[in-house]
> 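The structure that follows is given in the form of C-alpha cells.
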Amino acid sequence: MTFYKRLNREFFSRNTITVAKELLGKYLIRETEKGTIVGEIKEVEAYLGSEDKACHSYKNKKTERTKVMYEKPGTLYIYLIYGMYHCLNVITEPEAIPCAVLIRQVYPINGIELMINNRKIRTGKNFKNLTDGPGKLCMAYNITKYEFNGEDSCANDSKLFFAYNKEVFDKTVVALKRIGINYAEEDKDMLLRFKLIK
DNA sequence: AATGCGATTCTCT
DNA sequence: GAGAATCGCATTT
C-alpha cells in the first residue's frame with residue numbers, strides 16, 4: 001500500500017492556468033472497495049470563469065448545474081455531456097470565483113484490471129486507450145456526477161483526489177486550442193489546453 | 001490512419 | 001425543444 005500525498009486547498013486556490021499546468025504529471029486517485037485506481041495526468045484544459053465564453057460560468061452565470069463552480073477550490077465539478085458521458089473538473093481560484101480545470105487524459109498506473117472492468121471492453125494490452133479522453137477516464141474510474149459532483153477532493157476522507165508524484169524536471173508542456181467549444185467565438189482559439197509530451 | 005455518424009438524457013430557454 | 005468541454009464503431013484510404 002503506497003502512501004499518496006494529497007494536493008491541498010492552497011494548491012487549487014491559485015491562478016487557473018498555473019494550476020492546470022502544475023496538474024500535469026500529478027496523480028488522479030480513486031479509492032474503491034476493490035482497490036485503488038491511479039493515473040498520471042497527461043492533458044488538461046483551463047476554463048477561466050466569467051471572462052471566458054467557453055466556460056459554463058461565463059458572465060457569472062449561476063444555475064443548478066453551475067453552482068458548484070462557486071464552491072471552495074478543490075471541489076469536484078462533474079457534468080454529463082452528450083447525454084452519456086461524464087466530464088471531471090476541479091475548481092480553482094479562491095472561493096466564489098467560478099474557474100475550473102478539465103481533466104482530459106491520464107496514463108494508467110495502477111488498478112488497470114478495475115479500469116478494464118469499468119470500461120466494459122475486451123482489451124489486449126492497449127493501456128493508454130483506457131483513459132485517453134475526458135469521458136473515457138470517467139468511465140474507467142467509475143466517476144459519475146451522482147456520486148462525486150460537489151465533493152471536496154481536499155477532504156482527508158475523499159475517495160477521489162489528486163496527489164503529488166515525484167518531480168519531473170524535464171517536463172515538456174505544449175499549449176493547444178481547447179476541444180469541443182466552437183460556440184465560444186473568439187475565445188475558442190485561446191491556448192488553454194495543456195499536454196505533457198513524454 | 002483518417003473520417004463520418006449515431007447514441008442518449010440532462011439542462012436551460 | 002434544442003443542443004451539448006465525447007466515444008466507439010463502421011467505412012474508406
Side-chain angles (χ1 to χ4, degrees), chain A residues 12 16-17 19-21 23-24 28 37 39 41-71 73-93 97-108 112 115-151 153 160 162 173-196:
Chain A
F12 295 106
T16 304
I17 294 174
V19 173
K21 289 179 179 169
L23 275 173
L24 294 172
L28 174 64
I37 294 173
I41 298 171
K42 290 294 185 191
E43 186 177 352
V44 299
E45 283 179 4
Y47 285 86
L48 305 183
S50 62
E51 304 293 309
D52 179 0
K53 289 185 179 177
C55 189
H56 290 168
S57 58
Y58 177 54
K59 288 192 201 164
N60 281 316
K61 186 163 90 157
K62 195 168 187 178
T63 65
E64 191 58 30
R65 181 175 64 154
T66 63
K67 67 181 185 187
V68 307
M69 295 193 73
Y70 296 79
E71 292 288 326
T75 300
L76 301 174
Y77 173 43
I78 298 159
Y79 56 82
L80 193 69
I81 186 69
Y82 300 110
M84 355 163 81
Y85 302 110
H86 290 276
C87 287
L88 171 66
N89 300 251
V90 59
I91 302 306
T92 58
E93 311 269 350
I97 302 179
C99 300
V101 174
L102 167 69
I103 311 301
R104 286 196 60 84
Q105 183 175 352
V106 306
Y107 184 81
I112 290 169
M115 296 193 207
I116 292 169
N117 288 338
N118 289 335
R119 287 289 308 280
K120 299 177 177 65
I121 51 170
R122 47 193 167 77
T123 178
K125 45 205 166 181
N126 253 343
F127 282 36
K128 56 175 182 262
N129 297 346
L130 285 171
T131 51
D132 62 352
K136 289 180 178 182
L137 76 89
C138 283
M139 269 186 272
Y141 276 67
N142 196 18
I143 295 169
T144 64
K145 71 196 183 85
Y146 309 106
E147 192 170 357
F148 288 110
N149 188 39
E151 287 290 303
S153 74
L160 179 57
F162 301 89
V173 176
V174 291
L176 305 159
K177 292 182 188 180
R178 292 175 292 181
I179 290 175
I181 54 158
N182 287 329
Y183 56 84
E185 301 176 17
E186 72 273 15
D187 289 346
K188 74 178 163 52
D189 294 328
M190 292 201 290
L191 300 177
L192 292 176
R193 176 160 59 107
F194 303 105
K195 189 167 184 168
L196 202 55

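All values below were derived from every heavy atom in this structure, side-chain atoms included, with hydrogens, water molecules and symmetry-related copies excluded. We name chains A, B, ... by the order of the sequence lines, and we start the count at 1 in each one.
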> Looking at A/Lys136, I'd like to know whether one of its side-chain N or O atoms comes within less than 4.0 Å of OP1 or OP2 on C/dG8.
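For C/dG8, OP1 or OP2 has a side-chain N or O of A/Lys136 closer than 4.0 Å.
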
> When we call it a touch if two heavy atoms are under 4.0 Å apart, what does A/Gly135 touch: a base, just sugar-phosphate, or nothing?
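If one applies the 4.0 Å heavy-atom cut-off, A/Gly135 turns out to touch the sugar-phosphate alone, with no base involved.
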
> Please determine, for the side chain of A/Met84, which listed nucleotide (B/dT8, B/dT9, C/dT6) has the closest atom?
B/dT8

> Taking the nucleotide of DNA chain B with the closest heavy atom to each, which residue, A/Lys145 or A/Tyr85, is nearer the 5' end?
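Comparing both residues, the 5'-ward one is A/Tyr85.
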
> Is a donor-acceptor contact shorter than 3.5 angstrom present between the side chain of A/Tyr82 and the base of B/dA7?
no

> Measure across A/Ile78 and A/Lys145 and return the closest heavy-atom pair with its distance rounded to 0.1 Å.
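Taking every non-hydrogen atom into account, O-CB, 3.4 Å.
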
> Is C/dA10 syn or is it anti, if syn means the base angle is within 90 degrees of 0?
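What C/dA10 shows is an anti base, its glycosidic angle lying more than 90° from 0.
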
> Could you walk me through whether A/His86 and A/Phe148 pass the ring-ring contact (aromatic ring centres under 6.0 Å, His included) check?
CA-CA 11 Å; A/His86 290 276; A/Phe148 288 110; over 10 Å; no

> Just how far, in rounded Å, is P of C/dA4 from OH of A/Tyr183?
8 Å

> For DNA chain C, list all stems, counting runs of three or more consecutive pairs where every pair is Watson-Crick or G-U wobble with both distances under 3.5 Å.
B:1-7 with C:6-12, B:9-12 with C:1-4

> A/Glu45 CD to C/dA4 C1': how many Å, rounded?
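My rounded result for the distance is 15 Å.
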
> What I want to find out is whether A/Arg178 reaches A/Glu45 closely enough, with some N-O distance under 4.0 Å, to be called a salt bridge.
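Not counted as a salt bridge, because no side-chain N and carboxylate O are separated by less than 4.0 Å.
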
> Please state how far atom CZ in A/Arg104 lies from atom P in C/dC7, giving the value in whole angstrom units.
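Atom-to-atom, A/Arg104 to C/dC7, this comes out as 7 Å.
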
> Measure from the side chain of A/Arg119, starting at C-beta and using heavy atoms only, and say which of B/dT8, C/dA5, C/dC7 lies closest.
C/dC7

> Send over the distance from A/Glu43 CD to C/dA5 C1', rounded to a whole Å.
12 Å

> Is A/Ile181 touching bases, backbone alone, or none of the nucleic acid, heavy atoms closer than 4.0 Å?
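If one applies the 4.0 Å heavy-atom cut-off, A/Ile181 turns out to touch the sugar-phosphate alone, with no base involved.
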
> Any idea which of B/dC10, C/dA5, B/dT8 is nearest the A/Tyr146 side chain?
B/dC10

> Search all heavy atoms of A/Glu43 against all heavy atoms of A/Leu24 and return the closest pair with its distance.
N-CD2, 3.7 Å

> Whole-Å distance between C/dA5 P and A/Ile179 CD1?
13 Å

> Answer yes or no for this row: A/Tyr79 ring on C/dA5 base, centroids under 5.5 Å, planes under 30°.
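No, the aromatic ring of A/Tyr79 does not stack with the base.
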
> To the nearest angstrom, how far is A/Arg65 atom CZ from B/dC10 atom C1'?
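Those two atoms, CZ and C1', are 9 Å apart.
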
> Can you tell me the distance, in whole Å, between the NZ atom of A/Lys61 and the C1' atom of B/dT13?
10 Å

> Walk me through whether A/Phe162 and A/Ile41 qualify under side-chain contact (heavy atoms from CB on, under 4.5 Å).
CA-CA 9 Å; A/Phe162 301 89; A/Ile41 298 171; 3.8 Å; yes

> What's the closest nucleotide to the side chain of A/Leu80 if the choices are C/dA5, B/dT9, C/dC7?
B/dT9

> Any side-chain to backbone donor/acceptor pair from A/Asn89 onto A/Tyr77? Under 3.5 Å, distance only.
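Answer holds: yes.
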
> Can you measure from CG (A/Leu160) to CG (A/Leu28) and round to the nearest 0.5 angstrom?
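If I round to the nearest 0.5 Å, the distance is 5.5 Å.
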
> Do the side chain of A/Tyr70 and the main chain of A/Asn60 share a donor and acceptor less than 3.5 angstrom apart?
yes

> How many whole angstroms separate atom CD of A/Glu185 from atom P of C/dA5?
14 Å

